[in-house]
A.B. asks: 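Questions regarding the structure given below will be posed in turn.
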Amino acid sequence: MNYERPNIQRMTGYASGEQPSQADAIKLNTNENPYPASAAVADALRACRVEDLRRYPPPLADSFRRVAADYHRLDPDNIIPTNGGDELLRLIITTFADPGQILAIAEPSYSLYPVLADIQGCQIARIPLQDDWSMPEDFVERLNSSGAKLAFVVNPHAPSGHLASEQELRRIAERFQGILVIDEAYVDFIDPQLSYDSTDLVREFNNVLILRTMSKGYSLAGLRFAYGLGASSLLSPMLYKTRDSYNTDYISQVLATAALADARGAAVSWQKVRQERDRLQTELAALGFLCAPSQSNFILAQAPAGESPEAGSIYQQLKQRDILVRYFDQPRLRDKLRITVGTPQENSQLLAALGEILSS
Ligand SMILES: *Cc1c(COP(=O)(O)O)cnc(C)c1O
C-alpha cells in the first residue's frame, strides 16, 4: 500500500549538488561563498548561550526585520524572514497558488521551482530565455497568456549570471496579472558600478516579491536564513497565516541579524569574488571556453568545440581530480559547466586541471 498523494508519487525530488566526502576536495559546484562570514558573525555565535535556547525564539524575528528594514530603507512589514530561501519559495506557492493553477518560469532556471510546483500539484509554464539568457521581448505577454498566477525570475540569472535591468523588471511588474517573484539569491555579487537596485519595485507594486538569502553573499548556507521583500498586503498572509509558528530558530536569527548589520564586512568577500570572476572568465576564454558574462558568483562556461572532450567528460575528469563543478544534462546546458568562483588558489587549481584535461 502506498500512502502518498498521487502527485507526490509521480514526482521526483530536488537533486542537490554533491557533498564531497574528501575534506580537501575543491568544491565549486553549489555557489557557496569561498570566504567565511565576517568577524561580527563569529562574535555573535560565541555570545550565544545554551540558556538562550530554553525559550521559543521571537516568532517574527523582530530584530532581524528591523535591521533588514534599515538596510533596504523599507518598513519591517515589508520583510518576511524564512528558514532559507527554499522555505520562502514553498510558502509563496502554497499561499498563492491552488493545485491545478499555473506557475511560469523562465527556462532554464532554478530546478527547485518545478519540484515545489509538483508538491502543490501546480502546472508549470516554461518560457525559454533567448540565446544570451535575457528574457524575450514578449515575456510578459507570454506570462499573461499562459494564465500564470505566479512568475519566477532569477536575477542575476542562474545558471548563466546574466543580469536583467530594473527597468525590464518594472515593465513586467506593471503588466503581469499575477505575482512576480524576483529571486535575487546572487544579487550581492553584482558590480556596484551598475547600481542595480530593485527594491523600488516593492514600493511601487503590490505584486512584486523579492527573495534575498544569507546563504551566498553572507557565507551562511549552513545556517538556513533568508527573507522576502514585498508590499505588506502581499506578505501578510504568509506572515500571519501560512508560516510555521517559529519558522526561524534563535541562533539563525542572532547570526543573520549580525551578518546583515555588518554587510560591509561581507562586502569585502563580494569584491574578492568579483575580481576572481573576472580573472576566471579571462583564463577560461584563453582555454577556449565561451563564457556568458556573469554578474553572479559563478560562470557558465561552454566547452571548447572541435577535438576537445565534451563538457560531461570534462566534468567527470575534474571529479576524478577531486574538483567538483556543476553539470546539467539538459537541453542548452549539456555542452556547458557551471563553475562557482572559488578562492584564487582553488581557481588556479581548476584552471591547471582544465589545461591538462584539454591537452591530453
Ligand atoms: C541558493 C539559491 C536560493 C536560496 O537558497 P537558500 O540556501 O535556501 O536560501 C534561491 N534561489 C536560487 C536561484 C539559488 O541559487
Side-chain angles (χ1 to χ4, degrees), residues 13-19 27-34 37 41 61 64 68 79-94 103-117 119 124 126 129 133 135 150-164 169 180-190 198 209-230 238 243-244 247-249 252-253 255-256 259-260 266 269-270 273 292 294-300 325-326 328 330 333 338-341:
Y14 177 71
S16 332
E18 301 152 79
Q19 303 283 0
K27 192 167 180 304
L28 304 175
N29 65 336
T30 51
N31 300 340
E32 288 140 336
N33 192 317
V41 178
F64 179 85
I79 318 279
I80 177 170
T82 59
N83 180 23
D86 293 356
E87 187 202 15
L88 178 60
L89 295 170
R90 184 193 289 259
L91 272 176
I92 293 169
I93 293 174
T94 54
L103 313 184
I105 57 176
E107 179 79 359
S109 74
Y110 191 25
S111 52
L112 183 69
Y113 303 145
V115 173
L116 295 173
I119 294 173
I124 287 270
R126 295 167 197 269
L129 293 170
W133 311 107
M135 290 178 274
L150 289 165
F152 293 86
V153 168
V154 190
N155 202 41
H157 176 245
S160 71
H162 175 87
L163 183 70
L169 297 169
L180 174 64
V181 179
I182 308 173
D183 182 338
E184 295 191 340
Y186 300 101
V187 71
D188 303 307
F189 302 104
I190 298 173
S198 62
L209 212 159
I210 298 175
L211 178 151
R212 296 282 188 126
T213 178
M214 307 308 286
S215 294
K216 316 288 177 24
Y218 293 84
S219 311
L220 294 172
L223 189 68
R224 314 306 305 135
F225 200 98
Y227 57 104
L229 304 172
M238 296 190 289
R243 184 181 56 82
D244 283 348
N247 65 322
T248 61
D249 67 84
S252 74
Q253 289 184 21
L255 301 194
L260 196 63
S269 75
W270 309 339
V273 166
S294 172
Q295 286 298 325
S296 196
N297 70 334
F298 50 79
I299 292 169
L300 187 65
V325 298
R326 196 78 190 256
F328 300 99
Q330 65 183 69
L333 297 177
R338 191 199 67 190
I339 303 170
T340 307
V341 178

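Index from 1, following the sequence. Treat the numbers as computed from the prediction; the structure is a model and nothing was measured. Whatever order the structure lists them in is the order used to number ligands and atoms, beginning at 1.
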A.B. asks: Taking only heavy atoms of Ala185, which atoms of ligand 1 are found under 4.0 Å from at least one of them?
C.D. replies: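 The atoms of ligand 1 under 4.0 Å from a heavy atom of Ala185 are 2 (C), 3 (C), 10 (C), 11 (N), 12 (C), 14 (C).
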
A.B. asks: Ligand 1 versus Met214, non-hydrogen atoms closer than 4.0 Å: side chain, backbone, both, neither?
C.D. replies: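 Neither part.
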
A.B. asks: Taking Asn33 for the side chain and Lys216 for the main chain, is one N or O donor matched with an acceptor at less than 3.5 Å?
C.D. replies: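 Confirmed, Asn33 side chain pairs with Lys216 backbone.
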
A.B. asks: For atom 1 (C) of ligand 1, tell me which residue out of Lys216, Arg90, His157, Glu87 has the closest non-hydrogen atom.
C.D. replies: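 The residue whose heavy atom sits nearest atom 1 (C) of ligand 1 is Lys216.
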
A.B. asks: Would you mind listing which atoms of ligand 1 come within a distance below 4.0 Å of any non-hydrogen atom of Ser215?
C.D. replies: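 That gives atoms 6 (P), 7 (O), 9 (O) of ligand 1.
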
A.B. asks: Please enumerate all residues that pass side chain to side chain donor-acceptor pair (under 3.5 Å) together with Arg212, with sequence neighbours excluded.
C.D. replies: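 Only Glu184 meet the side chain to side chain donor-acceptor pair (under 3.5 Å) criterion with Arg212.
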
A.B. asks: Applying ring-ring contact (aromatic ring centres under 6.0 Å, His included) to Phe152 and Tyr110, what does each step give before you reach the verdict?
C.D. replies: CA-CA 9 Å; Phe152 293 86; Tyr110 191 25; 9.7 Å; no

A.B. asks: Taking only residues at least two apart or on different chains, which pairs with a member in residues 104-115 satisfy salt bridge (charged side-chain N to carboxylate O under 4.0 Å, His left out)?
C.D. replies: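 Residue pairs passing salt bridge (charged side-chain N to carboxylate O under 4.0 Å, His left out), neighbours aside: Glu107-Arg126.
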
A.B. asks: What do we get for Phe225 next to ligand 1 when only non-hydrogen atoms under 4.0 Å count, side chain, backbone, both or neither?
C.D. replies: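 The answer is neither; Phe225 stays 4.0 Å or more away.
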
A.B. asks: Looking only at distances, can you tell me whether any N or O atom of Asp86, backbone or side chain, sits closer than 3.5 Å to an N or O atom of ligand 1?
C.D. replies: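 Yes; the residue has a nitrogen or oxygen that sits under 3.5 Å from a nitrogen or oxygen of the ligand.
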
A.B. asks: Which one of Leu223, Thr213, Val181, Leu220 has a non-hydrogen atom at the shortest distance from atom 9 (O) of ligand 1?
C.D. replies: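 Considering heavy atoms of Leu223, Thr213, Val181, Leu220, the nearest to atom 9 (O) of ligand 1 sits in Thr213.
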
A.B. asks: If you take the centroid of each ring, where Trp contributes its six-membered ring, are Tyr186 and Phe298 closer together than 6.0 Å?
C.D. replies: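 Aromatic pair counts; centres sit under 6.0 Å.
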
A.B. asks: Provide the closest heavy-atom pair for Asn247 versus Pro81 in the form atom of the first, atom of the second, distance.
C.D. replies: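 Smallest interatomic distance, heavy atoms only, reads ND2-O, 3.0 Å.
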
A.B. asks: Identify the protein heavy atom lying closest to atom 15 (O) of ligand 1, giving its residue, its atom name and the separation to 0.1 Å.
C.D. replies: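 Looking only at protein heavy atoms, the one closest to atom 15 (O) of ligand 1 is Tyr186 OH, 2.5 Å.
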
A.B. asks: For Gly84, take its heavy atoms, then give the atoms of ligand 1 lying under 4.0 Å from any of them.
C.D. replies: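 Once the distances to Gly84 are compared, the set is 8 (O), 9 (O).
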
A.B. asks: Taking the six-membered ring for Trp and the full ring for Phe, Tyr or His, determine whether the centres of Phe64 and Phe225 are under 6.0 Å apart.
C.D. replies: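 So the answer is yes for these two rings.
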
A.B. asks: Which heavy-atom pair separates Phe189 from Gly217 by the least distance, and what is that distance?
C.D. replies: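 Minimum heavy-atom separation between Phe189 and Gly217: CZ-CA, 3.8 Å.
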
A.B. asks: Please state whether Asp183 comes within less than 4.0 angstrom of ligand 1, counting heavy atoms only.
C.D. replies: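 Distance cut 4.0 Å: Asp183 passes for ligand 1.
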
A.B. asks: Students should be able to answer this: which protein heavy-atom is nearest to atom 8 (O) of ligand 1, and at what distance?
C.D. replies: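 Ranked first by proximity to atom 8 (O) of ligand 1 is Arg224 NH2, 2.7 Å.
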
A.B. asks: Does an N or O anywhere in Gly85 fall below 3.5 Å from an N or O of ligand 1?
C.D. replies: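 Between Gly85 and ligand 1, an N or O pair is found under 3.5 Å apart.
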
